[in-house]
Number of protein chains: 2
Amino acid sequence: MASVKNNYQFEDLLDKHQLKKTAPRLRVLSMMYSKNTATSQPDLESVMNDIDRVTLYRILNVFEEKGIIHKVFDLNGTANYAVCHSDCGANHHHDEHLHFNCTGCKNVYCLNELTLPAITLPAGFRAEDFTLYASGLCPRCDKKNPARA
Amino acid sequence: MASVKNNYQFEDLLDKHQLKKTAPRLRVLSMMYSKNTATSQPDLESVMNDIDRVTLYRILNVFEEKGIIHKVFDLNGTANYAVCHSDCGANHHHDEHLHFNCTGCKNVYCLNELTLPAITLPAGFRAEDFTLYASGLCPRCDKKNPARA
DNA sequence: TAGTAAATGCAACAATATTTCATTTGTAAA
DNA sequence: TTTACAAATGAAATATTGTTGCATTTACTA
Ligand SMILES: [Mn+2]
Ligand SMILES: [Mn+2]
Ligand SMILES: [Zn+2]
Ligand SMILES: [Zn+2]
(Lines give C-alpha, C1' and ligand atoms only; values in the text may rest on other atoms or scores of the structure.)
(Ligands and ions follow the chains in the order given, each with its own letter.)
Protein backbone atom coordinates (compact mmCIF):
# COMPACT_ATOMS: atom_id res chain seq x y z
CA MET A 1 0.00 0.00 0.00
CA ALA A 2 1.08 3.54 -0.57
CA SER A 3 2.14 5.08 2.69
CA VAL A 4 -0.66 7.00 4.36
CA LYS A 5 -0.27 10.75 4.06
CA ASN A 6 -1.80 13.74 5.76
CA ASN A 7 -3.38 16.77 4.20
CA TYR A 8 -0.19 18.84 4.23
CA GLN A 9 1.60 16.13 2.31
CA PHE A 10 -1.20 16.06 -0.26
CA GLU A 11 -0.83 19.81 -0.67
CA ASP A 12 2.88 19.38 -1.17
CA LEU A 13 2.20 16.69 -3.73
CA LEU A 14 -0.05 19.02 -5.70
CA ASP A 15 2.52 21.79 -5.41
CA LYS A 16 5.25 19.54 -6.71
CA HIS A 17 3.21 18.89 -9.84
CA GLN A 18 2.21 22.53 -10.27
CA LEU A 19 -1.42 21.79 -9.63
CA LYS A 20 -3.61 24.14 -7.68
CA LYS A 21 -4.62 22.96 -4.24
CA THR A 22 -8.36 22.56 -4.50
CA ALA A 23 -10.82 20.76 -2.27
CA PRO A 24 -11.91 18.17 -4.86
CA ARG A 25 -8.31 17.20 -5.60
CA LEU A 26 -7.41 16.87 -1.95
CA ARG A 27 -10.43 14.67 -1.33
CA VAL A 28 -9.56 12.38 -4.21
CA LEU A 29 -5.98 12.05 -3.00
CA SER A 30 -7.14 11.39 0.53
CA MET A 31 -9.49 8.64 -0.54
CA MET A 32 -7.05 6.89 -2.84
CA TYR A 33 -4.11 7.02 -0.44
CA SER A 34 -6.21 5.64 2.41
CA LYS A 35 -6.88 2.36 0.63
CA ASN A 36 -4.67 -0.58 -0.20
CA THR A 37 -6.66 -1.41 -3.30
CA ALA A 38 -7.53 0.42 -6.47
CA THR A 39 -10.75 2.43 -6.56
CA SER A 40 -13.25 2.02 -9.35
CA GLN A 41 -14.61 4.99 -11.23
CA PRO A 42 -18.19 4.15 -10.15
CA ASP A 43 -17.09 4.01 -6.49
CA LEU A 44 -15.29 7.31 -6.76
CA GLU A 45 -18.32 8.87 -8.36
CA SER A 46 -20.73 7.70 -5.68
CA VAL A 47 -18.47 8.67 -2.78
CA MET A 48 -17.68 12.05 -4.32
CA ASN A 49 -21.24 12.60 -5.48
CA ASP A 50 -21.16 16.29 -4.59
CA ILE A 51 -18.28 16.86 -6.99
CA ASP A 52 -19.27 17.27 -10.61
CA ARG A 53 -18.71 14.12 -12.70
CA VAL A 54 -16.71 16.03 -15.27
CA THR A 55 -14.47 17.55 -12.62
CA LEU A 56 -13.80 14.09 -11.27
CA TYR A 57 -12.81 12.82 -14.71
CA ARG A 58 -10.53 15.79 -15.19
CA ILE A 59 -8.88 15.25 -11.83
CA LEU A 60 -8.28 11.59 -12.59
CA ASN A 61 -6.87 12.42 -15.99
CA VAL A 62 -4.48 15.06 -14.77
CA PHE A 63 -3.31 12.87 -11.88
CA GLU A 64 -2.63 10.12 -14.37
CA GLU A 65 -0.72 12.45 -16.69
CA LYS A 66 1.41 13.66 -13.81
CA GLY A 67 2.25 10.14 -12.71
CA ILE A 68 0.42 10.35 -9.39
CA ILE A 69 -2.03 7.56 -10.14
CA HIS A 70 -2.47 4.92 -12.82
CA LYS A 71 -5.53 3.45 -14.44
CA VAL A 72 -6.23 -0.25 -14.64
CA PHE A 73 -9.23 -2.03 -16.11
CA ASP A 74 -10.69 -4.86 -14.11
CA LEU A 75 -12.18 -8.10 -15.40
CA ASN A 76 -15.40 -6.35 -16.36
CA GLY A 77 -13.63 -3.57 -18.23
CA THR A 78 -14.40 -1.08 -15.48
CA ALA A 79 -11.78 1.63 -14.95
CA ASN A 80 -9.99 1.49 -11.62
CA TYR A 81 -7.44 3.95 -10.29
CA ALA A 82 -4.56 3.34 -7.94
CA VAL A 83 -1.73 5.37 -6.48
CA CYS A 84 1.61 4.97 -8.21
CA HIS A 85 4.15 3.38 -5.94
CA SER A 86 7.45 4.15 -7.54
CA ASP A 87 9.16 6.58 -9.81
CA CYS A 88 6.30 7.50 -12.07
CA GLY A 89 6.33 11.00 -13.49
CA ALA A 90 4.71 13.02 -16.23
CA ASN A 91 4.57 10.76 -19.28
CA HIS A 92 6.79 8.21 -17.54
CA HIS A 93 4.81 5.50 -15.91
CA HIS A 94 6.55 2.41 -14.58
CA ASP A 95 3.71 0.33 -13.27
CA GLU A 96 4.84 -3.07 -14.39
CA HIS A 97 3.39 -4.99 -11.50
CA LEU A 98 0.75 -7.61 -11.05
CA HIS A 99 -2.89 -6.59 -10.81
CA PHE A 100 -4.87 -9.04 -8.79
CA ASN A 101 -8.60 -9.01 -9.34
CA CYS A 102 -10.49 -10.71 -6.53
CA THR A 103 -13.59 -12.48 -7.77
CA GLY A 104 -15.04 -12.32 -4.25
CA CYS A 105 -14.82 -8.73 -3.09
CA LYS A 106 -14.13 -7.42 -6.63
CA ASN A 107 -11.17 -5.42 -5.37
CA VAL A 108 -8.15 -4.81 -7.54
CA TYR A 109 -4.82 -5.12 -5.73
CA CYS A 110 -1.60 -3.65 -7.05
CA LEU A 111 1.05 -6.16 -6.05
CA ASN A 112 4.04 -3.90 -6.42
CA GLU A 113 6.37 -6.17 -4.49
CA LEU A 114 6.07 -8.86 -7.15
CA THR A 115 8.64 -8.55 -9.92
CA LEU A 116 7.65 -9.83 -13.29
CA PRO A 117 9.80 -12.61 -14.73
CA ALA A 118 11.50 -11.87 -18.03
CA ILE A 119 9.37 -12.60 -21.06
CA THR A 120 10.65 -13.50 -24.49
CA LEU A 121 8.31 -12.40 -27.21
CA PRO A 122 7.96 -14.04 -30.62
CA ALA A 123 10.35 -12.66 -33.22
CA GLY A 124 9.47 -9.20 -34.48
CA PHE A 125 7.43 -7.99 -31.54
CA ARG A 126 8.97 -5.11 -29.64
CA ALA A 127 7.36 -4.60 -26.23
CA GLU A 128 7.58 -1.41 -24.22
CA ASP A 129 5.37 -2.26 -21.27
CA PHE A 130 4.08 -5.31 -19.50
CA THR A 131 1.24 -5.83 -17.08
CA LEU A 132 0.29 -9.10 -15.51
CA TYR A 133 -3.27 -9.73 -14.46
CA ALA A 134 -4.43 -12.48 -12.17
CA SER A 135 -7.87 -13.31 -10.88
CA GLY A 136 -8.89 -15.43 -7.95
CA LEU A 137 -9.42 -14.88 -4.25
CA CYS A 138 -7.62 -12.37 -2.09
CA PRO A 139 -6.46 -13.41 1.40
CA ARG A 140 -9.60 -12.11 3.11
CA CYS A 141 -12.02 -13.75 0.66
CA ASP A 142 -10.07 -16.99 0.56
CA LYS A 143 -10.37 -17.33 4.34
CA LYS A 144 -14.12 -16.85 4.10
CA ASN A 145 -14.44 -19.35 1.26
CA PRO A 146 -16.16 -22.49 2.62
CA ALA A 147 -15.25 -24.64 -0.39
CA ARG A 148 -11.52 -24.20 -0.19
CA ALA A 149 -9.06 -27.04 -0.40
CA MET B 1 -3.92 -17.85 -35.63
CA ALA B 2 -6.94 -20.04 -35.45
CA SER B 3 -7.06 -22.30 -38.46
CA VAL B 4 -9.20 -20.89 -41.25
CA LYS B 5 -12.51 -22.67 -41.59
CA ASN B 6 -15.21 -22.82 -44.19
CA ASN B 7 -18.92 -22.32 -43.78
CA TYR B 8 -19.71 -26.00 -43.24
CA GLN B 9 -17.24 -26.09 -40.39
CA PHE B 10 -18.85 -23.04 -38.84
CA GLU B 11 -22.22 -24.78 -39.04
CA ASP B 12 -20.74 -27.82 -37.35
CA LEU B 13 -19.30 -25.59 -34.67
CA LEU B 14 -22.72 -24.09 -33.95
CA ASP B 15 -24.27 -27.56 -33.97
CA LYS B 16 -21.72 -28.81 -31.50
CA HIS B 17 -22.72 -26.08 -29.08
CA GLN B 18 -26.45 -26.53 -29.68
CA LEU B 19 -26.78 -23.12 -31.24
CA LYS B 20 -29.07 -22.52 -34.18
CA LYS B 21 -27.37 -21.89 -37.49
CA THR B 22 -28.29 -18.31 -38.30
CA ALA B 23 -26.84 -15.87 -40.78
CA PRO B 24 -25.64 -13.33 -38.20
CA ARG B 25 -23.79 -16.00 -36.22
CA LEU B 26 -22.13 -17.44 -39.29
CA ARG B 27 -20.98 -14.01 -40.38
CA VAL B 28 -19.46 -13.26 -36.98
CA LEU B 29 -17.64 -16.59 -36.96
CA SER B 30 -16.40 -16.05 -40.49
CA MET B 31 -15.02 -12.65 -39.70
CA MET B 32 -13.32 -13.63 -36.48
CA TYR B 33 -11.75 -16.82 -37.83
CA SER B 34 -10.38 -14.99 -40.88
CA LYS B 35 -8.17 -12.70 -38.80
CA ASN B 36 -5.04 -13.32 -36.79
CA THR B 37 -5.87 -10.54 -34.37
CA ALA B 38 -8.73 -9.82 -32.03
CA THR B 39 -11.62 -7.75 -33.31
CA SER B 40 -12.88 -4.77 -31.40
CA GLN B 41 -16.56 -4.33 -30.63
CA PRO B 42 -16.67 -1.04 -32.61
CA ASP B 43 -15.10 -2.76 -35.64
CA LEU B 44 -17.56 -5.62 -35.45
CA GLU B 45 -20.40 -3.18 -35.18
CA SER B 46 -19.37 -1.16 -38.21
CA VAL B 47 -18.68 -4.18 -40.39
CA MET B 48 -21.90 -5.90 -39.32
CA ASN B 49 -23.91 -2.67 -39.46
CA ASP B 50 -26.93 -4.39 -40.95
CA ILE B 51 -27.19 -6.66 -37.93
CA ASP B 52 -28.91 -5.16 -34.93
CA ARG B 53 -26.51 -3.99 -32.23
CA VAL B 54 -28.34 -5.97 -29.58
CA THR B 55 -28.17 -9.13 -31.64
CA LEU B 56 -24.45 -8.64 -32.02
CA TYR B 57 -23.99 -8.29 -28.27
CA ARG B 58 -26.03 -11.42 -27.70
CA ILE B 59 -24.03 -13.39 -30.23
CA LEU B 60 -20.75 -12.31 -28.64
CA ASN B 61 -22.04 -13.18 -25.18
CA VAL B 62 -23.26 -16.63 -26.10
CA PHE B 63 -20.07 -17.40 -28.01
CA GLU B 64 -18.09 -16.39 -24.96
CA GLU B 65 -20.23 -18.52 -22.65
CA LYS B 66 -19.76 -21.52 -24.91
CA GLY B 67 -16.00 -21.10 -25.00
CA ILE B 68 -15.84 -20.26 -28.71
CA ILE B 69 -14.36 -16.80 -28.22
CA HIS B 70 -12.90 -14.81 -25.37
CA LYS B 71 -13.08 -11.13 -24.53
CA VAL B 72 -10.05 -8.98 -23.87
CA PHE B 73 -9.89 -5.28 -23.10
CA ASP B 74 -7.26 -3.24 -24.89
CA LEU B 75 -5.23 -0.34 -23.51
CA ASN B 76 -8.18 2.01 -23.93
CA GLY B 77 -10.61 -0.30 -22.17
CA THR B 78 -12.31 -1.20 -25.46
CA ALA B 79 -13.69 -4.73 -25.65
CA ASN B 80 -11.99 -6.97 -28.18
CA TYR B 81 -12.97 -10.51 -29.09
CA ALA B 82 -10.77 -13.34 -30.28
CA VAL B 83 -11.24 -16.97 -31.16
CA CYS B 84 -10.26 -19.42 -28.45
CA HIS B 85 -7.33 -21.55 -29.46
CA SER B 86 -7.39 -24.45 -27.10
CA ASP B 87 -9.69 -26.45 -24.94
CA CYS B 88 -12.10 -23.78 -23.86
CA GLY B 89 -15.65 -24.91 -23.22
CA ALA B 90 -18.80 -23.69 -21.52
CA ASN B 91 -17.68 -22.05 -18.28
CA HIS B 92 -14.15 -23.38 -18.76
CA HIS B 93 -11.90 -20.86 -20.40
CA HIS B 94 -8.17 -21.47 -20.51
CA ASP B 95 -6.86 -18.40 -22.25
CA GLU B 96 -3.72 -17.83 -20.23
CA HIS B 97 -1.65 -16.33 -22.98
CA LEU B 98 -0.06 -13.00 -23.74
CA HIS B 99 -2.14 -10.22 -25.25
CA PHE B 100 0.00 -7.90 -27.27
CA ASN B 101 -1.45 -4.47 -27.90
CA CYS B 102 0.26 -2.70 -30.78
CA THR B 103 0.44 1.04 -30.22
CA GLY B 104 0.84 1.53 -33.98
CA CYS B 105 -1.96 -0.36 -35.67
CA LYS B 106 -3.93 -0.78 -32.41
CA ASN B 107 -4.37 -4.48 -33.08
CA VAL B 108 -4.54 -6.95 -30.24
CA TYR B 109 -2.63 -10.17 -30.86
CA CYS B 110 -3.24 -13.35 -28.91
CA LEU B 111 0.19 -14.92 -28.58
CA ASN B 112 -0.94 -18.41 -27.74
CA GLU B 113 2.42 -19.99 -28.42
CA LEU B 114 3.99 -18.09 -25.54
CA THR B 115 3.75 -19.95 -22.24
CA LEU B 116 3.63 -17.85 -19.13
CA PRO B 117 6.39 -18.39 -16.60
CA ALA B 118 5.32 -19.56 -13.16
CA ILE B 119 4.34 -16.75 -10.83
CA THR B 120 4.54 -16.87 -7.07
CA LEU B 121 1.94 -14.69 -5.45
CA PRO B 122 2.24 -13.06 -2.03
CA ALA B 123 1.01 -15.26 0.81
CA GLY B 124 -2.74 -15.65 0.99
CA PHE B 125 -3.61 -14.86 -2.60
CA ARG B 126 -5.08 -17.77 -4.52
CA ALA B 127 -5.02 -17.19 -8.27
CA GLU B 128 -7.20 -19.04 -10.74
CA ASP B 129 -6.27 -17.30 -13.96
CA PHE B 130 -3.45 -15.26 -15.37
CA THR B 131 -3.24 -12.97 -18.35
CA LEU B 132 -0.18 -11.10 -19.44
CA TYR B 133 -0.52 -7.88 -21.36
CA ALA B 134 2.21 -6.20 -23.34
CA SER B 135 2.18 -3.08 -25.42
CA GLY B 136 4.61 -1.94 -28.06
CA LEU B 137 5.03 -2.45 -31.78
CA CYS B 138 4.00 -5.51 -33.72
CA PRO B 139 6.36 -6.86 -36.43
CA ARG B 140 4.63 -4.97 -39.23
CA CYS B 141 4.57 -1.64 -37.39
CA ASP B 142 8.10 -2.05 -36.07
CA LYS B 143 9.41 -2.45 -39.64
CA LYS B 144 7.64 0.75 -40.67
CA ASN B 145 8.95 2.63 -37.65
CA PRO B 146 11.61 5.15 -38.81
CA ALA B 147 12.95 5.83 -35.30
CA ARG B 148 13.88 2.29 -34.44
CA ALA B 149 17.19 1.27 -32.99
C1' DT C 1 -5.81 43.69 -3.50
C1' DA C 2 -6.15 43.20 -8.41
C1' DG C 3 -5.45 40.54 -12.47
C1' DT C 4 -5.13 36.21 -14.65
C1' DA C 5 -4.76 31.51 -15.68
C1' DA C 6 -6.52 27.43 -13.87
C1' DA C 7 -10.17 24.82 -12.21
C1' DT C 8 -14.89 23.92 -11.59
C1' DG C 9 -19.91 23.38 -12.79
C1' DC C 10 -23.39 22.73 -16.03
C1' DA C 11 -25.60 21.39 -20.33
C1' DA C 12 -25.35 18.82 -24.28
C1' DC C 13 -23.68 15.04 -26.62
C1' DA C 14 -21.42 10.48 -27.83
C1' DA C 15 -20.38 5.70 -27.14
C1' DT C 16 -21.16 1.37 -25.02
C1' DA C 17 -24.18 -1.94 -22.95
C1' DT C 18 -28.60 -3.92 -21.04
C1' DT C 19 -33.70 -4.78 -20.57
C1' DT C 20 -38.23 -5.65 -22.32
C1' DC C 21 -41.29 -7.19 -25.62
C1' DA C 22 -43.12 -8.14 -30.31
C1' DT C 23 -41.94 -10.66 -34.47
C1' DT C 24 -39.47 -13.93 -37.17
C1' DT C 25 -37.04 -18.19 -37.99
C1' DG C 26 -34.68 -22.71 -37.37
C1' DT C 27 -35.58 -27.29 -36.04
C1' DA C 28 -37.88 -31.35 -34.59
C1' DA C 29 -41.93 -33.89 -34.43
C1' DA C 30 -46.27 -35.16 -36.55
C1' DT D 1 -44.35 -31.48 -46.05
C1' DT D 2 -46.65 -29.22 -42.66
C1' DT D 3 -47.18 -27.79 -37.97
C1' DA D 4 -45.71 -26.22 -33.48
C1' DC D 5 -42.60 -24.30 -30.43
C1' DA D 6 -38.49 -22.68 -28.54
C1' DA D 7 -34.82 -19.91 -29.94
C1' DA D 8 -33.15 -15.97 -32.11
C1' DT D 9 -33.69 -11.51 -33.95
C1' DG D 10 -35.25 -6.57 -34.28
C1' DA D 11 -36.69 -2.38 -32.26
C1' DA D 12 -37.44 0.93 -28.64
C1' DA D 13 -36.34 2.49 -24.23
C1' DT D 14 -33.12 2.97 -20.61
C1' DA D 15 -28.62 2.93 -18.09
C1' DT D 16 -23.78 3.74 -17.68
C1' DT D 17 -19.47 5.69 -18.93
C1' DG D 18 -16.91 9.31 -20.91
C1' DT D 19 -16.14 13.82 -23.71
C1' DT D 20 -16.79 18.73 -25.42
C1' DG D 21 -17.91 23.64 -25.11
C1' DC D 22 -18.70 27.47 -22.48
C1' DA D 23 -19.80 30.40 -18.46
C1' DT D 24 -18.46 31.12 -13.75
C1' DT D 25 -15.56 30.73 -9.84
C1' DT D 26 -11.25 30.23 -7.43
C1' DA D 27 -6.30 29.86 -6.37
C1' DC D 28 -2.16 31.94 -6.96
C1' DT D 29 0.93 35.81 -8.55
C1' DA D 30 2.43 40.24 -8.72
MN1 LIG E 1 -1.28 -0.93 -10.25
MN1 LIG F 1 -6.50 -14.03 -26.33
ZN1 LIG G 1 -11.40 -10.34 -2.09
ZN1 LIG H 1 0.92 -2.98 -35.30
Side-chain angles (χ1 to χ4, degrees), chain A residues 7-8 10-31 38-66 68-81 90 106 108, chain B residues 7-8 10-31 38-66 68-81 90 106 108:
Chain A
N7 239 23
Y8 292 112
F10 293 143
E11 296 190 359
D12 288 346
L13 187 58
L14 292 176
D15 259 342
K16 195 177 79 181
H17 292 283
Q18 294 145 47
L19 296 172
K20 290 187 177 174
K21 289 164 259 180
T22 66
R25 285 172 175 170
L26 288 168
R27 284 178 54 199
V28 170
L29 285 178
S30 172
M31 169 162 184
T39 309
S40 72
Q41 187 281 328
D43 278 3
L44 273 166
E45 193 170 314
S46 71
V47 171
M48 311 275 171
N49 58 0
D50 51 333
I51 300 177
D52 190 84
R53 284 169 36 75
V54 180
T55 299
L56 191 50
Y57 277 107
R58 286 190 280 227
I59 288 173
L60 294 171
N61 285 337
V62 75
F63 282 3
E64 194 185 8
E65 284 166 19
K66 296 291 189 175
I68 299 173
I69 63 175
H70 61 281
K71 172 154 66 166
V72 46
F73 296 101
D74 67 19
L75 293 176
N76 304 310
T78 301
N80 283 246
Y81 295 89
K106 312 296 180 194
V108 175
Chain B
N7 241 17
Y8 291 111
F10 294 142
E11 297 189 358
D12 288 347
L13 186 59
L14 292 175
D15 260 343
K16 196 176 78 179
H17 291 283
Q18 295 145 46
L19 296 173
K20 290 187 178 177
K21 290 164 259 181
T22 67
R25 285 172 175 170
L26 289 168
R27 285 177 54 200
V28 170
L29 285 178
S30 173
M31 170 163 183
T39 310
S40 72
Q41 187 281 329
D43 278 3
L44 274 165
E45 193 169 314
S46 72
V47 171
M48 310 278 172
N49 57 1
D50 52 332
I51 300 177
D52 189 85
R53 284 171 39 76
V54 180
T55 299
L56 191 51
Y57 278 108
R58 285 190 280 227
I59 288 173
L60 294 171
N61 285 337
V62 75
F63 283 3
E64 194 185 6
E65 282 166 20
K66 296 290 189 176
I68 299 172
I69 64 175
H70 60 281
K71 173 154 63 166
V72 47
F73 296 100
D74 66 19
L75 292 177
N76 305 310
T78 301
N80 282 247
Y81 296 88
K106 312 295 179 195
V108 175

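Any value given below was found using the heavy atoms of this structure, including those in side chains, with hydrogens, waters and symmetry copies removed. Chain letters run A, B, ... following the sequence lines, proteins first and then strands; every chain starts at 1.
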In whole angstrom, give the distance that lies between atom [atom1] of [X] and atom [atom2] of [N].
{"X": "A:R53", "N": "C:dA11", "atom1": "CZ", "atom2": "P", "value": "13 Å"}
{"X": "B:L19", "N": "C:dT27", "atom1": "CG", "atom2": "P", "value": "11 Å"}
{"X": "A:I59", "N": "C:dG9", "atom1": "CD1", "atom2": "C1'", "value": "12 Å"}
{"X": "B:N49", "N": "D:dG10", "atom1": "CG", "atom2": "C1'", "value": "15 Å"}
{"X": "B:L56", "N": "C:dT19", "atom1": "CG", "atom2": "P", "value": "17 Å"}
{"X": "B:Q41", "N": "C:dT18", "atom1": "CD", "atom2": "P", "value": "10 Å"}
{"X": "B:L44", "N": "C:dA17", "atom1": "CG", "atom2": "C1'", "value": "15 Å"}
{"X": "A:D52", "N": "D:dT25", "atom1": "CG", "atom2": "P", "value": "15 Å"}

Exercise for the section: Considering just the side-chain nitrogens and oxygens of A:T22, establish if one lies under 4.0 Å of OP1 or OP2 belonging to C:dA7. Expected result: no
Between [Y] and [X], is there a side-chain heavy-atom distance shorter than 4.5 Å?
{"X": "B:D74", "Y": "B:K106", "result": "no"}
{"X": "A:T22", "Y": "A:L14", "result": "no"}
{"X": "B:E11", "Y": "B:D15", "result": "no"}

Practice task
Please evaluate the base of C:dG9 for a donor-acceptor partner in the side chain of A:R58 within a cut-off of under 3.5 Å?
Solution key: yes
If you check the [X] side chain, which of [options] turns out closest?
{"X": "B:K20", "options": "D:dT9, C:dG26, C:dT16", "answer": "C:dG26"}
{"X": "A:Y57", "options": "D:dG18, C:dT27, D:dA11", "answer": "D:dG18"}
{"X": "A:A79", "options": "D:dG18, C:dA17, D:dG10", "answer": "D:dG18"}
{"X": "A:P42", "options": "C:dT16, C:dT18, D:dT17", "answer": "D:dT17"}
{"X": "A:K21", "options": "D:dC28, C:dG9, D:dT20", "answer": "D:dC28"}

Handout entry: 5′-ward residue of the pair B:P24/B:V54 relative to DNA chain D
Key = B:P24
Exercise for the section: Could you tell me whether A:E45 contacts a base, only the sugar-phosphate backbone, or nothing, with contacts defined as non-hydrogen atoms closer than 4.0 Å? Expected result: nothing
Exercise for the section: Looking at every strand, decide which applies to B:R25 at a 4.0 Å heavy-atom threshold: base, sugar-phosphate, or nothing. Expected result: sugar-phosphate
Problem - Sidechain-backbone polar pair: B:N76 side chain, B:T78 backbone, donor-acceptor under 3.5 Å - result: no
Exercise for the section: Could you grab the distance from atom OG1 of A:T39 to atom CD of A:Q41, nearest 0.5 Å is fine? Expected result: 11.0 Å
Fill in the blank from the handout: By nearest-nucleotide position on DNA chain C, the 5'-leaning member of B:T78 and A:A23 is A:A23
